[in-house]
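Just below is one structure, and these are the notes that go with it.
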Amino acid sequence: MDVGGGSTQKRYTCDGTVDLGQTPETIMNSLLTAGAGMIVYSQGVYKLYAGAYRIPAFTLTESDLRGPIKVRPDLSFRDLFNGVKGVFSDPSKLWQPTDFPAVRNSTYAAKDGGEVMRDIQLPFTTDSVRAQRIAKIHLEKSRQGITVDYP
């Protein structure tokens with residue numbers, strides 16, 4: 001991925017160590033922050049998906065419906081945010097949690113009547129540009145997400 005100035009970097013990496021005294025769920029959730037990802041358990045298998053677009057596996061048509069479609073936003077208005085700030089593990093500061101530059105969307109802020117920030121922690125991210133990219137994914141998912149009930 002081009003990060004300006006002709007340089008590139010891997011989109012996602014997971015850099016760090018885990019404390020095996022933590023629960024497997026806590027460890028997995030921490031690891032997932034490095035790729036804005038999610039994990040799905042299906043038919044006895046865990047599948048890890050990074051926060052990137054995936055081509056749909058199949059197409060649903062009107063003939064597949066058993067009832068009416070219901071569409072609703074993922075977050076209620078009171079849970080929306082228009083900026084993301086947080087910390088990443090900075091190698092130049094002995095791997096200590098360090099603030100990355102906040103990601104803001106002025107269009108969303110104007111619509112919301114002011115700035116509303118979400119705070120995230122990226123313990124397995126070691127680059128501020130990558131941290132900002134993950135923050136932007138969180139922001140856009142929160143604003144564009146919907147849930148569709150398709151019986």
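Computed over heavy atoms, backbone and side chain alike; hydrogens, waters and symmetry mates excluded. Residue numbers start at 1 and run along the sequence shown.
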Could you note down all residue pairs passing salt bridge (Lys or Arg N to Asp or Glu O under 4.0 Å) where residues 135-148 supplies at least one of them, sequence neighbours left out?
D112-R143

Taking all non-hydrogen atoms of both residues, which atom of F124 and which atom of A34 are closest, and how far apart?
O-CB, 3.7 Å

Test I39 against K47 for side chain to side chain contact (heavy atoms under 4.5 Å, CB included), laying out the working first.
CA-CA 6 Å; I39 193 162; K47 296 179 182 179; 6.0 Å; no

Would you say that more than 12 heavy atoms from the other residues, nucleotides or ligands in this model lie under 6.0 Å from the CD of Q22, or not?
yes

Heavy-atom closest pair, residues D19 and I27
O-CD1, 3.5 Å

Hey, what do you get for CG (N105) to CG (L139), rounding to the nearest 0.5 Å?
6.0 Å

Spatial distance of atom CG (D79) from atom CZ (R118) [nearest 0.5 Å]
7.0 Å

Can you pull out every salt bridge (Lys or Arg N to Asp or Glu O under 4.0 Å) where at least one residue sits in residues 82-104? Sequence neighbours excluded, please.
R104-E115

Distance col, row I137:CD1 vs I120:CD1, nearest 0.5 angstrom, shows 9.5 Å

Minimal non-hydrogen separation, A131 against T125, with atom names:
N-CG2, 3.8 Å

Measuring from L48:CG to L31:CG, what's the distance to the nearest 0.5 Å?
9.0 Å

Using modelled atom types and a 3.5 Å cut-off, is there a donor and acceptor pairing between side-chain atoms of S89 and backbone atoms of P123?
yes

Got a donor-acceptor contact below 3.5 angstrom from the S30 side chain to the T26 backbone?
yes

One pair to check against side chain to side chain contact (heavy atoms under 4.5 Å, CB included): D127 and Q9. What are the steps and the verdict?
CA-CA 10 Å; D127 181 86; Q9 70 175 191; 3.1 Å; yes

So S128 and F88, do their side chains get closer than 4.5 Å, heavy atoms only?
yes

Just checking E25: does its CD atom have more than 12 heavy atoms from other residues, nucleotides or ligands closer to it than 6.0 angstrom?
no

Transitive ILVMFWY cluster of L60, excluding itself - 4.5 Å side-chain cut-off
F58, L65, I69, V71, I146, V148, Y150

Can you confirm whether F81 sits close enough to V116 that some side-chain heavy atom of one is under 4.5 Å from a side-chain heavy atom of the other?
yes

Which residues pass the side-chain contact (heavy atoms from CB on, under 4.5 Å) test with Y41, not counting sequence neighbours?
Y46

Given the rule in the side chain to side chain contact (heavy atoms under 4.5 Å, CB included) test, do T33 and I134 qualify, once you have shown the distances and angles that lead to the verdict?
CA-CA 8 Å; T33 65; I134 292 169; over 6 Å; no

Taken to the nearest 0.5 Å, the spacing of T126 OG1 from D15 CG works out to 4.0 Å

Residues A109 and N82: closest non-hydrogen pair is CA-ND2, 3.3 Å

Other members of the hydrophobic cluster containing M38, with the 4.5 Å side-chain heavy-atom rule, please.
V40, Y49

Mind checking what makes side-chain contact (heavy atoms from CB on, under 4.5 Å) contact with T17, not counting sequence neighbours?
none

Identify the heavy atoms of V87 and F100 that sit nearest to each other, and give their distance.
N-CE2, 3.6 Å

